[in-house]
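Notes to accompany the following structure.
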Amino acid sequence: MLDKTFNPGEVEGRIYAEWERSGAFRAGRRPDAKPFSIVIPPPNVTGRLHIGHALNNTLQDALARFERMRGKDVLWQPGMDHAGIATQLVVERQLAEKQQSRVGLGREKFLEEVWRWKNESGGAITQQLRRLGASADWSRERFTMDDGLSRAVVKVFVELYKQNLIYKDKRLVNWDPRLQTAVSDLEVENIEMKGHLWYLKYRIDGQMGRFITVATTRPETMLGDVAVAVHPDDERYKDLIGKFAILPLANRRIPIIADEYSDPEKGTGAVKITPGHDFNDFEVGKRHNLPVLNILNKDGTLNDTVPEAYRGLDRFVARKTIVGDLEAVELLDKVEPITHAVPHDEKTKTVVLEPMMTEQWYLNVQPLADKAIKAVEDGRTKFVPDNWTGVYFNWMRNIHPWCISRQLWWGHQIPVWYGPKKVVEQELRAYPFKEFVAQTEDEARKEAETYYGAKVRFVSQDENFDHALTSWSIEYKEKRESVVPLRRDPDVLDTWFSSALWAFSTLGWPDETPELKRFYPTSVLVTGFDIIFFWVARMMMMSLWFMPDVPFKTVFIHTRVLDEKGVKMSKTKGNVVDPLDLIDEYGADALRFTLALAAGQGRDMRIGPSRVEVNRNFATKLWNATRFCEINGCETVADFDPAKVTLTPNQWIVTETAATARELTTKLEALRFNEAASAAYHFIYDVFCDWYLEIAKPIFNGSDEKAKAETRATAAWARDTIFQLLHPLMPFITEELWARTAVMPRASMLIEGPWPKLDALPKFEDASRAMNWVIDLVKGVRSVRAEMNVPPSAKIALVLKDADAASKATLAANSDVILTLARLSSADVADVLPKGSAQFVLGEATVGLPLGDVIDFAKERARLEKELKKAEEEIDRIDAKLSNEQFVSRAPEDVLTEQREKRAEYAATATRLKEAVARLA
RNA sequence: GGGCGCGUAGCUCAGCGGGAGAGCACUUCCUUGACAUGGAAGGGGUCACAGGUUCGAUCCCUGUCGCGCCCACCA
């Protein structure tokens, strides 16, 4: 016997363990079936499940379960991302607690620490995904730093290098002075901040008392100025072009140049040019062959190119000092407060980034992007909803080289080794280096030894390479036996480089594995729009470059989750809803269903406890409906054929169940999760519980054993079908009930399917018509009872007048049901309605409820007249249409017919209502 | 500056060319043997605004206003 309520806490862990033990999640168990595959957007190894993950994985799981039930061979490929910066920071923070540091430990020891952390505390999120019910094939779990995936990364790097698509370049990057690494443009977040616009006066060389004023938000960068630019047509400055300004504090002469970059409308119309620390200025500098002056050290302090007074000062300290010093010599014209966007690191949003000249590795993605664009143009990959296609194209068509190197330790180290340029006496210089790009250290050694004709020695990351080179060159000069030092590039690759390969690297590439053959391209990618550029676009590019086909046929972009007030969740705002709390409180099914229901296309969703509670109630409803079936002996009949039921209510529920099965199938196929969920919700609540089970009650309480047996079997069938249909969205409760309602042990767990066979589901149209009539009749009676204040306990009589044969037959055949649901003492057919009847019109018939003294004539008249007015308004509206010649001549025939039929119906209703009113008198 | 999306019941949202829908909230009634985490009956909307297309517009087009987001720029 089932308890009164479902207790998810007791059930979920057990059921999940059973699924896992049974091997149901495993891919490849159905070699003859069609494959269906999804790769998970790999969560960070440092990650904890947030509501966005919960949504993302609920949708993936729903699809995996749906297709698995339909008999496909499903691979849901799980795994995690090594998350370079995030992970390195976590471990560094832990070290700091032990008074240790990354640098103090050295690279090798530090990496050991990271791995230890990963093995001990990393990947908590995979356990949390299990709590959500994720049916991923955990036996195939991958990590971006696995041996296999690392091999893929190196191979891709080497090949792209050989294709001259990967190269080193010295240019401006966004630099993070705290982590001391480059970050890609995508990782920059511009934050609006209050700041100042300082107006600096530069003296004109040779023109006493004349100044040119420039405005800047970063006055410290003036020490890196190499020119002042004015617009060639700007009359104010025309005569200064070609002259020189004296850069204050540094006392350098810098040229005043003409360049269209300067906008006479902005600032003073004259702009300082700092190619070393500004992206636009860099371009201007290139056009005018100006030098690039880098005034910053990697930690953001000022370097030795600036006057001694400022050396070693942090950039923000230097800003204050410089402004003060300029003011002191009266070269600060004015200061204006402004708000402007300041580049910050996207991760913490606390560090202000600096454009800085550094040498980095770049990937020329243009040729890759061309293929990725083509694939979407050709429809080989489709975005759903498709408005994201434009976003994708826009980015792809304006793509820039991708800065792929990061000055971190945790990640895929770049497979490039450096040795001295040449081993000839005249060129014992260490620079420039000779590069060896190889897939393994051995390969690099071989190449280097061939090149040098000598043995090589690998210099570790913690050793001083310059020192090694120096001593080597001394040894070489002195013709002593020596080995050539070789050191690997210390940088690692951007984390997204390895995730870009995820769709094929997780399947075993570069090996030609059976999984790669079977499950690539994957069926659908489910992800949020925030990583279209970071991840989706790059997977498209890398996959198409190294594989013969697209990585996925469909990209489903789901909405973003906001809190209940519609505010983006963030730790600092303290409005984060923890999905695990929701699971604890309401159960995973309730959370999943809530997320699915909110997953409409193209809009943010708001999630909070009150929403989840509603669906916990829904789970309770399903549970109790099942309990009702159990109490009434509804047992699954093994060879039950829904096409053979004979009772009207049973034929009706079979038809309704079939319609729901078809609808859910269609909606899930179309990735319309919210529509699938609401169809299930509506069917279970409104159709199955509120009507069918209520209809079944009098049958169960009656004496017709044959009817009882058929209804029990039908109810059990409908209930079992509900379990099947709901399983993708509410896997735990359905699996539990599937087992608990089994008479004989079930052939398999629900997770294995089957999905209802749509072709075998019948449609009983007569039964549907009849039951809709019964429902309308009962609703009409209930409505009158409520409005006339008839006590719920009072049984009243019903008289049906002017009914046609079908209605009479339906009434007769379902009288028990009608008497019970409408709480009637009798239901008869008559030619005349008794005096004192409340009345309502039902189709061609009029229903009378003789209330005797209870009836309030004034109220009844008002009620009927209100109905009549409604009907007459409808008639007028339709008449207005039908009398419009344009409408009659241009509207399609079926619309016309429909309108005419409607008019007739309303007219008939109106006539009967008028008669009813007349009868009152 | 370019782009995308959104303004529908008090709230959250679905619908998107021919009768305005759901959940929550609200009102009234019901502690009837599945479920009060429940049931029944109700009230509530010139579908942001203005034009246009159409026989017909909440739905399509244009514009306006308001809100949100993305990209670029920011002396």
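Within every chain, numbering begins at 1; the chains are lettered A, B, ... in the order of the sequence lines, protein sequences first and strands thereafter. Owing to the predicted nature of the structure, the values given are computational and were not obtained by experimental measurement.
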Rounded at 0.5 Å granularity, tell me how far [atom1] in [X] sits from [atom2] in [Y].
| X | Y | atom1 | atom2 | result |
| --- | --- | --- | --- | --- |
| A:R823 | A:R782 | CZ | CZ | 10.5 Å |
| A:L186 | A:F533 | CG | CZ | 7.5 Å |
| A:D690 | A:Y685 | CG | OH | 8.5 Å |

So which nucleotide from [options] ends up closest to the side chain of [X]?
| X | options | value |
| --- | --- | --- |
| A:K881 | B:rA75, B:rG18, B:rU37 | B:rG18 |
| A:I631 | B:rC69, B:rA36, B:rA34 | B:rA34 |
| A:N387 | B:rA75, B:rG5, B:rA34 | B:rG5 |
| A:R616 | B:rU37, B:rA75, B:rA34 | B:rU37 |
| A:R782 | B:rA40, B:rA14, B:rU37 | B:rA40 |
| A:V895 | B:rA34, B:rG18, B:rC30 | B:rG18 |
| A:A891 | B:rC35, B:rC4, B:rG18 | B:rG18 |

Nearest-angstrom distance, [atom1] atom, [N] to [M]:
| N | M | atom1 | result |
| --- | --- | --- | --- |
| B:rA25 | B:rU31 | C1' | 23 Å |
| B:rC16 | B:rU8 | C1' | 11 Å |
| B:rC26 | B:rU62 | C1' | 40 Å |
| B:rG2 | B:rG45 | P | 40 Å |
| B:rU27 | B:rG10 | C1' | 14 Å |
| B:rC49 | B:rA9 | P | 11 Å |
| B:rC59 | B:rC47 | C1' | 9 Å |
| B:rG68 | B:rC73 | P | 23 Å |

Could you identify the nucleotide paired to [N], looking across every strand shown and requiring Watson-Crick or G-U wobble geometry with both distances under 3.5 Å?
| N | value |
| --- | --- |
| B:rG38 | B:rC30 |
| B:rG63 | B:rC49 |
| B:rG68 | B:rC4 |
| B:rG43 | none |
| B:rU12 | B:rA22 |

For [N], does the base pair up with any side-chain atom of [X] as donor and acceptor (N or O, under 3.5 Å, distance only)?
| X | N | value |
| --- | --- | --- |
| A:K621 | B:rC35 | yes |
| A:R606 | B:rU12 | no |
| A:E694 | B:rA40 | no |
| A:Y685 | B:rG38 | no |

Answer with base, sugar-phosphate or nothing: what part of the nucleic acid does [X] contact at a heavy-atom distance below 4.0 Å?
| X | result |
| --- | --- |
| A:P892 | base |
| A:E630 | nothing |
| A:V271 | base |
| A:N394 | nothing |
| A:F393 | nothing |
| A:K866 | sugar-phosphate |
| A:D263 | base |
| A:N190 | base |
| A:K902 | base |
| A:Q899 | sugar-phosphate |
| A:C629 | nothing |
| A:S889 | nothing |

Measure [atom1]/[X] against [atom2]/[N] and give the value in whole Å, please.
| X | N | atom1 | atom2 | value |
| --- | --- | --- | --- | --- |
| A:I684 | B:rG38 | CD1 | P | 15 Å |
| A:E346 | B:rC70 | CD | C1' | 13 Å |
| A:W395 | B:rG3 | CH2 | C1' | 16 Å |
| A:W388 | B:rG5 | CH2 | C1' | 8 Å |
| A:R627 | B:rA34 | CZ | C1' | 6 Å |

OP1 or OP2 of [N] under 4.0 Å from side-chain N/O of [X]:
| X | N | answer |
| --- | --- | --- |
| A:T620 | B:rG38 | no |
| A:N617 | B:rG38 | yes |
| A:K697 | B:rG33 | no |

pair [X]-[Y]: side-chain heavy atoms closer than 4.5 Å:
| X | Y | value |
| --- | --- | --- |
| A:F534 | A:E187 | yes |
| A:Y237 | A:H231 | no |
| A:P219 | A:L326 | no |

Discussion item. If I compare all heavy atoms of A:Y392 with all of A:A537, which pair ends up nearest, and what's the gap?
Written reply: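 The answer is CE1-CA, 4.1 Å.
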Discussion item. I need the minimum non-hydrogen distance between A:R218 and A:P355, along with the two atoms involved.
Written reply: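 Looks like NH1-CD, 3.6 Å.
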Discussion item. I want to check a possible cation-pi pair here: A:R903 against A:Y906, using under 6.0 Å from ring centre and within 45° of the ring axis as the test.
Written reply: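 Cation-pi check for A:R903 and A:Y906: fails.
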Worksheet entry | From A:V230, A:L240, A:L290, residue fulfilling side-chain contact (heavy atoms from CB on, under 4.5 Å) relative to A:I257 |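 Passing option: A:L290.
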Worksheet item: When you check the side-chain N and O atoms of A:D686 and A:Y681, is any donor under 3.5 Å from an acceptor?
Response: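 Checked: A:D686/A:Y681 side chains show no N/O donor-acceptor pair below 3.5 Å.
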Discussion item. I want to know whether A:Y202 and A:F211 have ring centres closer than 6.0 Å.
Written reply: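 Not under 6.0 Å, so no.
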Discussion item. Please compare A:E787 and A:G390 by the position of their nearest nucleotide in RNA chain B and report the one closer to 5'.
Written reply: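 Closer to the 5' end of RNA chain B: A:G390.
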Discussion item. For a quick check, with a 4.0 angstrom heavy-atom cut-off, what is the B/S/- contact string for nucleotides 22-27 of chain B, read 5' to 3'?
Written reply: -SS---
